Protein chains: 2
Amino acid sequence: MKILNKRQILEAFDADATTLLLKEGFIAYSKRQVQQPPVQHFLFEQAAGDCCIKSAWLEGDEQFVLKVSSGFYRNPAQGLASNQGLMMAFSAQTGEPQALLLDEGWLTALRTALAGRIVAELCAPTEIPAIGIVGCGMQALLQLQQLKPLTACREVWVWGRNESALQAYRHSAEAEGFRVHTTQDAAELAAHCRLIITTTPSREPILRATDIRPGTHITAVGADSHGKQELESGLVARADVLLADSVSQCTEYGEIAMAYRQGLLASIPLVELGTVLAQGKKVRSDPEQITLADLTGLAIQDVQIVKGILARL
Amino acid sequence: MKILNKRQILEAFDADATTLLLKEGFIAYSKRQVQQPPVQHFLFEQAAGDCCIKSAWLEGDEQFVLKVSSGFYRNPAQGLASNQGLMMAFSAQTGEPQALLLDEGWLTALRTALAGRIVAELCAPTEIPAIGIVGCGMQALLQLQQLKPLTACREVWVWGRNESALQAYRHSAEAEGFRVHTTQDAAELAAHCRLIITTTPSREPILRATDIRPGTHITAVGADSHGKQELESGLVARADVLLADSVSQCTEYGEIAMAYRQGLLASIPLVELGTVLAQGKKVRSDPEQITLADLTGLAIQDVQIVKGILARL
């Protein structure tokens, strides 16, 4: 079994190649060519942690992939990253373990950021006066980096609860060539931005229905398990089109789930990312539409990013 | 992260200590003190393989455990074991990986055999003229080995489809001190045996309702996913008491599931292993009863055996 550490993994990572693999993966998922059992979730209440275990096999592939990713939100206080994790590849011919990727959560972070890039390509308005990033952790920065090839906009508003985290984000985003505005008022961010990415593990809504202007696209990546929510359900219900990485996952948990259960979404088209990619169309059909994408994270993304890494070793 | 190979793991394994840990684990499971998400299953039809991914956390423990175990039934033709697998322990405080146990499926095999021992202690009749083992693979031998401390019976009948596998089993069981009878007729085995363990990955019933004599206990460990079945559902319905490692798992798949869905079990007591262990009673109350235990395998068993190994390093 190959054992790869974070440095070896990041050296083999290629964003453009992985983006193509991810698109193929989302399409295969929506065509039901992927065996992807329901996600396993843990909640470690006293340690302020959670963990999810995802696995998938793209039928016909030589390997299947398992991923463990966790968020322990008090880790930074002891100098550890909040997000931890690893991925493993196993032979789909013999069951033998083939590779252990000790990525410390980076592959999950990267494939999530690249999914954000894929969604922005399908949904973002043509004119983006400013990008809004809700949250100021690692994912908040990766999403911004991955948007650079898609838009000339270099104006970013970032929302956070903690002033020193906001200043750290400002520093990193400036190094990426952005003009940075920080705020602790999500409504102020929404007033300026037409492309908003929410990246927090919040368990209560940060953005409200009344905050959002017509012509805005929102990608929500933070809510990946029961109880997490970044968007008021009334905001989800205001969307003209909803895009889900997985309709079954997003109606069970994630941003769409609550509004779905409240019966607020009956008249809003809900489309799956892989279906839209297979059709080769854009989601946004009018500059004034509000579009909203809910990314709960799919194991097929893990399969595809691992495939990309192993192919480049 | 500690990485342990099969030799290191088997050296640290202690059957008696693990049996105690497993009993504690079953009890905690039945007391709902275990976070144990639903099992993830894969079916690799063309490769004649399957895989399951189990994980659990005993609330309050310092670690949670993940296990991957697969059966690829054409592996022996290329000199590989059918069962492959590994286990991992992660910190329940920070999410960091702590130990990778490259046990090649042995820990699953051992904890399954020890569960068979625990069940036999609760269910087996006092008088056992012969032990019946259905299947002649690794698990078939481990079950027999683990029964030795429980009974003086050294007479065993073994059923298999393949004559050379039967002869290999005879050789191993004789080395364990048993007098061995082989058969390709399950009814013949059932006629002689009052303690029967079924250990195959069969997808069609091997033992029939009419095969079984009063006073027999059967432990079924082979059917661990949808579609696997060793016992005719009419046989399950003949039991006086049914014991399940997990009522929720066993009514979804495993031996009990089919008879349960057919509505055949309404008048038969169905009890959970951990509940019985907590009560400190035996399952069998009459020498003429037919008792049947369905072991689909619980992630808490993986947690407990890993705990035992790590404690002895």
Side-chain angles (χ1 to χ4, degrees), chain A residues 1 3 5 34-57 59-64 66-86 88 90-97 100 102-105 225 299, chain B residues 1 3 5 34-57 59-64 66-86 88 90-97 100 102-105 225 299:
Chain A
M1 185 178 62
I3 300 183
N5 63 27
V34 179
Q35 285 188 30
Q36 187 179 296
V39 180
Q40 296 181 341
H41 293 279
F42 288 92
L43 184 61
F44 305 96
E45 226 168 342
Q46 292 199 329
D50 56 59
C51 176
C52 70
I53 297 169
K54 292 178 174 170
S55 62
W57 179 50
E59 292 187 341
D61 268 10
E62 292 196 356
Q63 69 237 330
F64 63 100
L66 164 73
K67 190 264 295 282
V68 180
S69 70
S70 62
F72 281 79
Y73 305 104
R74 290 202 290 263
N75 276 2
Q78 40 178 317
L80 276 176
S82 296
N83 293 110
Q84 298 284 328
L86 54 80
M88 300 195 76
F90 295 83
S91 166
Q93 297 297 318
T94 65
E96 291 169 293
L100 168 62
L102 293 167
D103 64 297
E104 299 174 29
S225 64
Chain B
M1 186 177 62
I3 300 184
N5 63 27
V34 179
Q35 286 188 28
Q36 187 179 298
V39 180
Q40 297 181 341
H41 293 280
F42 288 92
L43 184 60
F44 305 96
E45 226 167 342
Q46 293 199 327
D50 55 57
C51 176
C52 71
I53 297 168
K54 293 178 174 168
S55 61
W57 179 51
E59 293 186 341
D61 268 8
E62 292 196 355
Q63 69 238 333
F64 62 101
L66 164 73
K67 190 266 294 285
V68 180
S69 71
S70 61
F72 280 79
Y73 304 103
R74 290 201 290 264
N75 277 2
Q78 40 178 318
L80 276 176
S82 296
N83 293 111
Q84 298 284 328
L86 54 79
M88 300 194 77
F90 296 83
S91 165
Q93 298 296 319
T94 65
E96 291 169 292
L100 167 62
L102 294 167
D103 63 298
E104 301 174 28
S225 63

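Predicted, not measured: the structure shown is a model, and the values here were computed from it. Values below: all heavy atoms of this structure, side chains included; hydrogens, waters and symmetry mates excluded.
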Nearest-0.5 Å distance, CD1 of residue A:I53 to CE of residue B:M88: 10.5 Å

Contacts of A:K54 meeting salt bridge (charged side-chain N to carboxylate O under 4.0 Å, His left out) (sequence neighbours excluded), chain-then-number -> none

Options A:Q40, A:Q84, A:Q35, ranked by heavy-atom pairs under 4.5 Å with chain B, top entry: A:Q40

A:L80, part contacting chain B, at a heavy-atom distance under 4.5 Å: side chain

I'd like to verify something: which residue of B:C51, B:S55, B:A81 has the highest number of heavy-atom pairs under 4.5 Å with chain A? B:S55

Quick one: what part of B:S69 sits under 4.5 Å from any heavy atom of chain A, side chain, backbone, both or neither? neither

If you count heavy-atom pairs under 4.5 Å with chain B, which of A:N83, A:L43, A:I3, A:L66 comes out on top? A:L43

Which of the residues B:G95, B:A47, B:S70, B:P97 is involved in the greatest number of heavy-atom pairs with chain A at under 4.5 angstrom? B:G95

Exercise: identify the closest heavy-atom pair between A:C52 and A:H41: CB-ND1, 3.9 Å

Just verifying a value: how many Å separate B:Q63 CD and B:Q93 CD, rounded to the nearest 0.5 Å? 10.5 Å

Contacting region of B:A56 [heavy-atom separation from chain A under 4.5 Å]: backbone

Relative to chain A, which segment of B:Q46 carries a heavy atom at a distance below 4.5 Å: side chain, backbone, both, or neither? neither

Would you call the rings of A:F90 and A:F64 parallel, tilted or perpendicular, taking 30° and 60° as the class edges? parallel

At a heavy-atom distance under 4.5 Å, which candidate from B:L102, B:T94, B:V68, B:L86 has the highest pair count against chain A? B:T94

Can you list the residues that meet the side-chain hydrogen bond (donor to acceptor under 3.5 Å, both in side chains) rule with A:D50, with sequence neighbours excluded? A:Y73, A:K228

Measure the spacing between CD of B:E59 and CZ of A:F44 and express it to the nearest 0.5 Å. 9.5 Å

Pick one of side chain, backbone, both or neither for A:E104, based on which atoms fall under 4.5 Å of a heavy atom in chain B. neither

